[in-house]
Amino acid sequence: MTADRAFFERPVLDVARDLVGWTVRHGETAGVIVETEAYHESEPACHAFVGVTPRTQTLFGPPGMAYVYRSYGIHALLNAVCEPVGVGAAVLIRALEPVDGLELMRERRGLERPEDLCSGPGKLTHALGIGLELNATDLLGTGPVLLEPPGEDAAVRELLAGERIGITKATELPWRFCASGSRSVSRPWPAGVR
DNA sequence: CATGGGATTGACT
DNA sequence: GTCAATCCCATGC
């Protein structure tokens, strides 16, 4: 698995699954992805559902770019744009296990426990210092935020799939993916799913 | 131009 | 468990 444009040009569900285990790096801070969600223009929970607007044009642009937007007027949320140009789709990065720059993360978040630093989509952007100004920057090496593939020796972790969190539309789609057993996921797994 | 809602979080009962 | 904070932007008049 390499960090090239073709990886992100594939169906967004495949990319969402495959991104678990990758590393997000910004400056001296970095973490391993343990939770993702897929969003696609064909379903109403996706911002791209409404078509191309000033807000969503990044989603329809080249794959491998960052889509960063403000949520509830407070938080910045980080996505990786997927599928070919003209198709609006992205993977929401929902949680990380901190790897580098733990002290800087603690400083920014005002917390100590590693499993609390990046255990949510708004938390991880805060911990890594990712803001709206990074929208539409490249994630493949020429931009400030990097997505790095797992090493050859990386432990293979079991993947769980379930329903997405915090949305009111198309809630039935099992488009959320978590690394099994991670303590850094954003929320406990819904009852009944295993 | 006014309005309403949201891919969340942290504080509080 | 509940709830407010806060602001961009899509929508509708």
Side-chain angles (χ1 to χ4, degrees), chain A residues 8 11-13 15-17 19-20 22 24 31 33-61 63 65-83 87-98 105-137 139 145 147 160-179 182-191 193:
Chain A
F8 295 95
V12 67
L13 273 181
V15 182
R17 270 187 287 259
L19 273 182
V20 176
W22 283 50
V24 181
I33 299 173
V34 293
E35 180 178 353
T36 62
E37 284 179 359
Y39 288 87
H40 188 270
E41 63 180 32
S42 62
E43 44 91 13
C46 183
H47 293 171
F49 185 70
V50 298
V52 181
T53 67
R55 182 196 198 191
T56 64
Q57 56 179 353
T58 308
L59 285 169
F60 292 86
M65 307 293 281
Y67 170 55
V68 186
Y69 74 96
R70 187 170 295 291
S71 171
Y72 291 92
I74 303 171
H75 309 287
L77 270 56
L78 173 66
N79 301 248
V81 175
C82 295
E83 309 218 7
V87 180
V91 174
L92 170 66
I93 311 297
R94 283 196 60 90
L96 310 174
E97 280 181 7
M105 291 186 190
R106 289 189 173 106
E107 205 173 296
R108 285 171 173 154
R109 297 267 297 124
L111 294 168
E112 290 300 318
R113 297 168 64 213
E115 61 267 36
D116 293 333
L117 292 174
C118 300
S119 55
K123 298 177 185 178
L124 71 93
T125 53
H126 185 198
L128 270 64
I130 295 172
L132 297 188
E133 71 280 5
L134 299 180
N135 183 45
T137 58
L139 295 169
V145 182
L147 277 179
L160 299 175
E163 295 173 353
R164 293 175 295 182
I165 287 177
I167 55 173
T168 58
K169 303 164 196 160
T171 56
E172 73 285 358
L173 297 174
W175 286 7
R176 179 193 181 208
F177 303 99
C178 282
S182 174
R183 282 178 301 182
S184 294
V185 297
S186 63
R187 279 199 225 174
W189 205 259
V193 182

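Just so it is clear, the structure is predicted and the values come from calculations on it, not from any experiment. Below, chains carry the letters A, B, ... as their sequence lines are ordered, and counting in each starts from 1. When reading the values below, keep in mind they use all heavy atoms of this one structure, side chains included, and skip hydrogens, waters and symmetry mates.
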| query | To the nearest Å, how far apart are Y72(A) OH and dC9(C) C1'? | reply | 15 Å
| field | Electrostatic pair K169(A)-E43(A), nearest N-O below 4.0 angstrom | value | no
| message | Stem finding on DNA chain C, please: runs of three or more consecutive Watson-Crick or G-U wobble pairs, both distances under 3.5 Å, sorted by first number. | response | B:1-6 with C:7-12, B:8-12 with C:1-5
| remark: When rounded to whole Å, the NE2 to C1' distance for the pair H47(A) and dG5(B) reads 11 Å
| message | At less than 4.0 Å, is any side-chain N or O atom of T168(A) found next to OP1 or OP2 of dG5(B)? Yes or no. | response | no
| said: Counting the atoms with a prime plus P, OP1 and OP2 as sugar-phosphate, which does I167(A) contact under 4.0 Å by heavy atoms, base, sugar-phosphate, or nothing? | reply: sugar-phosphate
| query | Which part of the nucleic acid, if any, lies within contact of R94(A), taking any heavy atom under 4.0 Å across all strands shown: a base, the sugar-phosphate backbone alone, or nothing? | reply | sugar-phosphate
| task | Can you measure from CG (L117(A)) to CZ (R108(A)) and round to the nearest 0.5 angstrom? | result | 11.0 Å
| Has Y69(A) got its ring stacked on dA7(B), by the test of a centre gap below 5.5 Å and a plane angle below 30°? | no
| query | Under 4.0 Å between a side-chain N/O of S71(A) and OP1 or OP2 of dG6(B), yes or no? | reply | no
| field | Interatomic distance where CG belongs to L124(A) and P belongs to dA7(B) [whole Å] | value | 16 Å
| note | Rounding to 0.5 Å, atoms CG (L173(A)) and NE2 (H40(A)) come to a distance of 11.5 Å
| Separation between CG of L78(A) and CG of L147(A), rounded to the nearest 0.5 Å | 7.0 Å
| request: Please report, rounded to the nearest Å, how far the P atom of dT9(B) is from the CG atom of L117(A). | output: 13 Å
| Of the listed nucleotides dA7(B), dA10(C), dT9(B), the one nearest the side chain of K123(A) | dT9(B)
| remark: Between CZ of R55(A) and P of dT11(C) the distance, given in whole Å, is 10 Å
| Of the options E35(A), E115(A), E97(A), which is the one that meets S182(A) in a side-chain hydrogen bond (donor to acceptor under 3.5 Å, both in side chains)? | E97(A)
| R109(A) side chain N/O closer than 4.0 Å to the phosphate oxygens (OP1, OP2) of dT9(B)? | no
| said: Could you tell me how far apart L77(A) (CG) and dA7(B) (P) are, to the nearest whole angstrom? | reply: 9 Å
| said: Rounding to an integer number of Å, can you tell me how far I93(A) CD1 sits from dA7(B) C1'? | reply: 12 Å
| task | Indicate the atoms forming the closest heavy-atom contact of A45(A) with I167(A), along with that distance. | result | CB-CD1, 3.9 Å
| What residues, two or more places apart in sequence or in another chain, satisfy side-chain hydrogen bond (donor to acceptor under 3.5 Å, both in side chains) together with Q57(A)? | none
| message | Pick the closest DNA chain C nucleotide for T53(A) and for R70(A) by heavy atoms, then say which residue is nearer the 5' end. | response | R70(A)
| task | Send over the distance from R164(A) CZ to dG6(B) P, rounded to a whole Å. | result | 14 Å
